[in-house]
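Below you'll find the structure, written out as structure tokens, and then a few comments.
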Amino acid sequence: QVQLVESGGGLVQAGGSLRLSCAASGRTFGGYAMGWFRQAPGKEREFVAAINWSGGLTYYIDSVKGRFTISRDNAKNMVYLQMNSLKPEDTAVYYCARGRTMSTVVGDTRPGEYAYWGQGTQVTVSS
């Protein structure tokens, strides 16, 4: 099993920044892509960003490109999401997830391609 624990969420004004962290423990972390998803009330879970196992390849949805940065530290089993220039529409519960297999590619935005999920951290952006 893989345990993922997100932290760093909170309430921030529009234009502000937050840095989300995801701590992984248990079975394999290295070798797998990691992703961030979000879910707003009444909406489906949405892919936000992903990073490959080495950290050399990333992928973002268009709405966060240039504002969010995903990174990872394999030595610490950590994944991060730096969020700048936040907008009210970024308000959601944010989840980190590990790729279902070592073949999960960062450009695959389907939640089904991720097998392990954290409990989520709330991000609220006020206007």
Side-chain angles (χ1 to χ4, degrees):
Q1 287 292 329
V2 175
Q3 291 80 42
L4 302 173
V5 179
E6 302 94 337
S7 61
L11 173 63
V12 64
Q13 288 188 333
S17 298
L18 284 173
R19 188 193 194 205
L20 304 185
S21 298
C22 173
S25 61
R27 294 185 61 188
T28 310
F29 174 76
Y32 290 82
M34 295 294 296
W36 284 96
F37 290 74
R38 65 187 179 187
Q39 188 166 18
K43 295 187 177 181
E44 293 187 352
R45 191 165 297 190
E46 175 188 42
F47 172 90
V48 175
I51 188 168
N52 74 335
W53 70 272
S54 71
L57 184 62
T58 58
Y59 185 81
Y60 302 90
I61 56 171
D62 287 345
S63 61
V64 308
K65 283 181 181 177
R67 300 189 298 122
F68 290 12
T69 302
I70 188 171
S71 61
R72 67 190 293 166
D73 184 339
N74 289 338
K76 297 181 179 179
N77 285 2
M78 295 291 295
V79 181
Y80 307 98
L81 186 67
Q82 177 67 44
M83 307 186 295
N84 299 328
S85 302
L86 283 162
K87 304 176 181 180
E89 51 264 44
D90 295 319
T91 295
V93 178
Y94 283 71
Y95 301 88
C96 71
R98 198 207 77 176
R100 183 174 60 84
T101 71
M102 289 188 177
S103 298
T104 298
V105 296
V106 294
D108 195 328
T109 64
R110 296 174 294 175
E113 281 300 300
Y114 291 82
Y116 297 97
W117 297 81
Q119 82 291 346
T121 185
Q122 175 71 47
V123 171
T124 303
V125 184
S126 63
S127 58

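Predicted model only: the values in this text are computed from it and were never measured. What's counted below: heavy atoms across the whole structure, side chains too, no hydrogens, waters or symmetry copies.
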Just to verify, what does R19 make a salt bridge (charged side-chain N to carboxylate O under 4.0 Å, His left out) with, not counting sequence neighbours? none
Would you say [Y] ends up clustered with [X] if hydrophobic residues are merged whenever their side chains have heavy atoms under 4.5 Å apart, either directly or through other cluster members?
X: L81; Y: W53; result: no
X: V48; Y: L57; result: yes
X: Y59; Y: V105; result: no
X: I51; Y: I61; result: yes

Can you list everything that forms a side chain to side chain donor-acceptor pair (under 3.5 Å) with [X]? Sequence neighbours excluded, please.
X: S54; result: N52
X: E89; result: none
X: N84; result: S17, Q82

Report the residues that fulfil side chain to side chain contact (heavy atoms under 4.5 Å, CB included) with S126, sequence neighbours left out, ordered by chain and then residue number.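 Partners of S126 by the side chain to side chain contact (heavy atoms under 4.5 Å, CB included) criterion, ordered by chain and then number, come out as L11, Q13.
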Do any pairs count as a salt bridge (charged side-chain N to carboxylate O under 4.0 Å, His left out) and have a residue in [range], sequence neighbours left out, and if so which ones?
range: residues 49-62; value: D62-K65
range: residues 40-58; value: R38-E46
range: residues 102-112; value: D108-R110, R110-E113

Nearest heavy-atom pair of [X] and [Y]: which atoms, and what distance?
X: D90; Y: R67; result: OD2-NH1, 2.8 Å
X: T69; Y: Y60; result: CA-OH, 3.3 Å
X: A14; Y: S127; result: CB-CA, 4.4 Å
X: Y114; Y: G35; result: CE2-N, 3.6 Å

Atom pair CD/OH of E6 and Y94 - distance to nearest 0.5 Å: 12.5 Å
Point-to-point distance, once rounded to the nearest 0.5 Å, from CG of L20 to CH2 of W36: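 Reported to 0.5 Å precision, the distance equals 4.5 Å.
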Which pairs count as disulfide bond (SG atoms under 2.5 Å apart) when at least one residue sits in residues 55-127, sequence neighbours excluded? C22-C96
Could you walk me through whether V125 and V123 pass side-chain contact (heavy atoms from CB on, under 4.5 Å), step by step? CA-CA 7 Å; V125 184; V123 171; 4.1 Å; yes
Dump the intermediate steps for side-chain contact (heavy atoms from CB on, under 4.5 Å) on V12 and M83, then the final yes or no. CA-CA 11 Å; V12 64; M83 307 186 295; over 6 Å; no
Who else is in Y80's hydrophobic cluster (ILVMFWY, side-chain heavy atoms under 4.5 Å, direct or via others)?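 Members alongside Y80: M78.
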With a cutoff of under 4.5 Å between side-chain heavy atoms, which Ile, Leu, Val, Met, Phe, Trp and Tyr residues group with Y32?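 Under the 4.5 Å side-chain rule, Y32 groups with M102.
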How would you list, by chain and number, every residue that makes a ring pair (Phe, Tyr, Trp, His ring centres under 6.0 Å) with W117, sequence neighbours excluded?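 Checked W117 against ring pair (Phe, Tyr, Trp, His ring centres under 6.0 Å); matches are F37.
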Exactly one of N74, D73, I70 clears side-chain contact (heavy atoms from CB on, under 4.5 Å) with V79, and that residue is I70
